[in-house]
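To start, the structure itself, in structure tokens.
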Amino acid sequence: MRKSTPPDVRAPRDTASATVELEDVPFGRFHLHVAVAGSGGQFSDGYILGIIGIALTSATDDLALNAVWLGLLGAASLAGLFFGSLFSGALIDRIGRHPIFAFDMPLLAALSLAQFWTAAAWQLLLLRLLLGLVLGADYAASKTLVSELAPRKSRGRMMSVLAIAWAAGYTIAYLVGYLIAQTASGGRPWTWMLASSAVPALLVAAARLGVPESPRWLIAKGRAQEAAAMIAAKIGPHVTLPTAPAPAPATSSGAPAESGSLRALFAPALRSRTVIACVFYLCHIMPYFALSTFSPRILASLGVHNAYFGGAVYNLLLLVGAVVGMSVIDRLTRRRFLVGSFAVAAVLLLPLGILHDLPITLVIVLFAALAFALSAADTLAFVYPQELFPTRMRATGVGAAVAASRIGASISTFLLPVVVESFGIRTAMTGLVLVLAAGALACYRYAPETSGLKLGSQ
């Protein structure tokens, strides 16, 4: 095999005599297909998680929901996501990224449609838990596969498309739910809201046809010839194989770490990266999900009379923030973006926690700016964990980080309505400020820099 072109030399894509390593290929049609397929899954994920907030507002009387049931149903999919991402990550590192990536969307559509016939709170709880399990598997599979097929210089922007798609799905779900709530004349409009998530899941299943297995995973499994054939067919014969992965790190007992083993995440070489990936994701997602899921109720508690309108503004700013995050993620260092985003979000949320009788306009402005900051930072969740782990452990590591975040999201989503009812909205907001401050401190002290990293160099 001919020697690969150095990373700072861009080889012409149509010249067979020149070679370039997979990670240094310019962004092309193949990468666009992968980005659309991966981001479509995130859109569907965002839609399924986003629709529950406004659906619960409509379903409260029909299902006789109290604060505890609201918290349970709001957190159910997040709890399912914990188990789905934690255990599917290890499986994906063993059997490949493609099997789950290709076949989880039809199952998601079936479960989404089943929500239409929900007759009791416990039935909806069960379906939301199952939806979360499938979503967790898709998180680990789609994030890992897209990151391993993305060119190094555009990885941040390409992965940020997934964040934009998630925010778009979340926002559109809210707007669809709002439209159904405003136009429904009777019956149970919340069942239509929940069942509507089957539509994007089916469209995504079709979009994923033709996306191949990760060549990095194939090489790690000793299937280099298969990887070379796939690369030649999808991108071109001038593209060389990625660098072979480094030897597996030893476990604490000194034995080689097994690929796809949760225990291997805590081998000496990976332990600190595993911890910081989990802490970053947990501290970011706790306020993100709690505030997003219950934005109308929170705004009403803060004195905003048209809470649905305020919630719509909040969700639209989630989408705008994701777009801006994509534009800056490859311009800022990862550490600067991590620490700065936590600090900015904490500063924006602090007045809502400690100040009383704020003007309604200021409350909406602060809440909208907070949505913007949290969503811009969410692009990091689609890039940074993947850059912390080697190929043989990437899906396992990403799955563990997602699982940790869903523990926090489940706790915060369950506790927020309970804390607001028992201690008031400002106590709840102050608690979320402390979570953001803890995230900023942890990332400042321990987060490694990964900007410009080659995925095979860890």
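Computed from heavy atoms alone, side chains included, the values below leave out hydrogens, waters and symmetry copies.
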If you round to the nearest 0.5 Å, how far is [atom2] of [Y] from [atom1] of [X]?
{"X": "Arg155", "Y": "Leu149", "atom1": "CZ", "atom2": "CG", "value": "11.5 Å"}
{"X": "Leu131", "Y": "Ser197", "atom1": "CG", "atom2": "OG", "value": "6.5 Å"}
{"X": "Leu22", "Y": "Ser214", "atom1": "CG", "atom2": "OG", "value": "8.5 Å"}
{"X": "Tyr170", "Y": "Leu319", "atom1": "OH", "atom2": "CG", "value": "13.5 Å"}

Main chain of [Y], side chain of [X]: is a donor-acceptor contact present, judged purely on distance under 3.5 Å?
{"X": "Gln115", "Y": "Leu194", "answer": "yes"}
{"X": "Ser44", "Y": "Gly40", "answer": "no"}
{"X": "Gln123", "Y": "Ala119", "answer": "yes"}
{"X": "Ser451", "Y": "Arg334", "answer": "yes"}
{"X": "Arg97", "Y": "Ala141", "answer": "no"}

Would you say that [X] contacts [Y] through its side chain, given a criterion of any heavy-atom pair below 4.5 Å between the two side chains?
{"X": "Leu130", "Y": "Val134", "result": "no"}
{"X": "Ser375", "Y": "Val320", "result": "no"}
{"X": "Tyr139", "Y": "Arg406", "result": "yes"}

Do the side chains of Arg394 and Asp93 get close enough for a salt bridge, i.e. N-O under 4.0 angstrom?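 Salt bridge: no.
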Less than 6.0 angstrom separating the ring centers of Trp192 and Phe116, yes or no?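 Ring centroids of Trp192 and Phe116 are less than 6.0 Å from each other.
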Kindly say whether the aromatic ring centers of Phe101 and Trp217 come within a distance under 6.0 Å.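 No: the rings miss the under 6.0 Å criterion.
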Show which side-chain atoms of residues 429-444 pair as donor or acceptor with protein atoms under 3.5 Å away, not counting sequence neighbours.
| residue | atom | partner | partner atom | Å |
| --- | --- | --- | --- | --- |
| Thr430 | OG1 | Gly353 | O | 3.3 |
| Thr430 | OG1 | Arg426 | O | 2.8 |

Evaluation steps, salt bridge (charged side-chain N to carboxylate O under 4.0 Å, His left out), between Arg216 and Glu23: CA-CA 10 Å; Arg216 288 194 174 279; Glu23 213 165 2; 2.7 Å; yes
Test Trp166 against every option in Tyr47, Phe382, Tyr288 by the ring-ring contact (aromatic ring centres under 6.0 Å, His included) rule and name the one that passes.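 Between Trp166 and the candidates, ring-ring contact (aromatic ring centres under 6.0 Å, His included) is satisfied uniquely by Tyr288.
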Exercise: identify the closest heavy-atom pair between Gly41 and Arg208: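 For Gly41 versus Arg208, the nearest heavy atoms are CA-NH2, 3.2 Å.
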Given Asp330 and Arg157, is the salt bridge (charged side-chain N to carboxylate O under 4.0 Å, His left out) satisfied, shown in steps? CA-CA 7 Å; Asp330 285 327; Arg157 291 187 296 275; 3.3 Å; yes
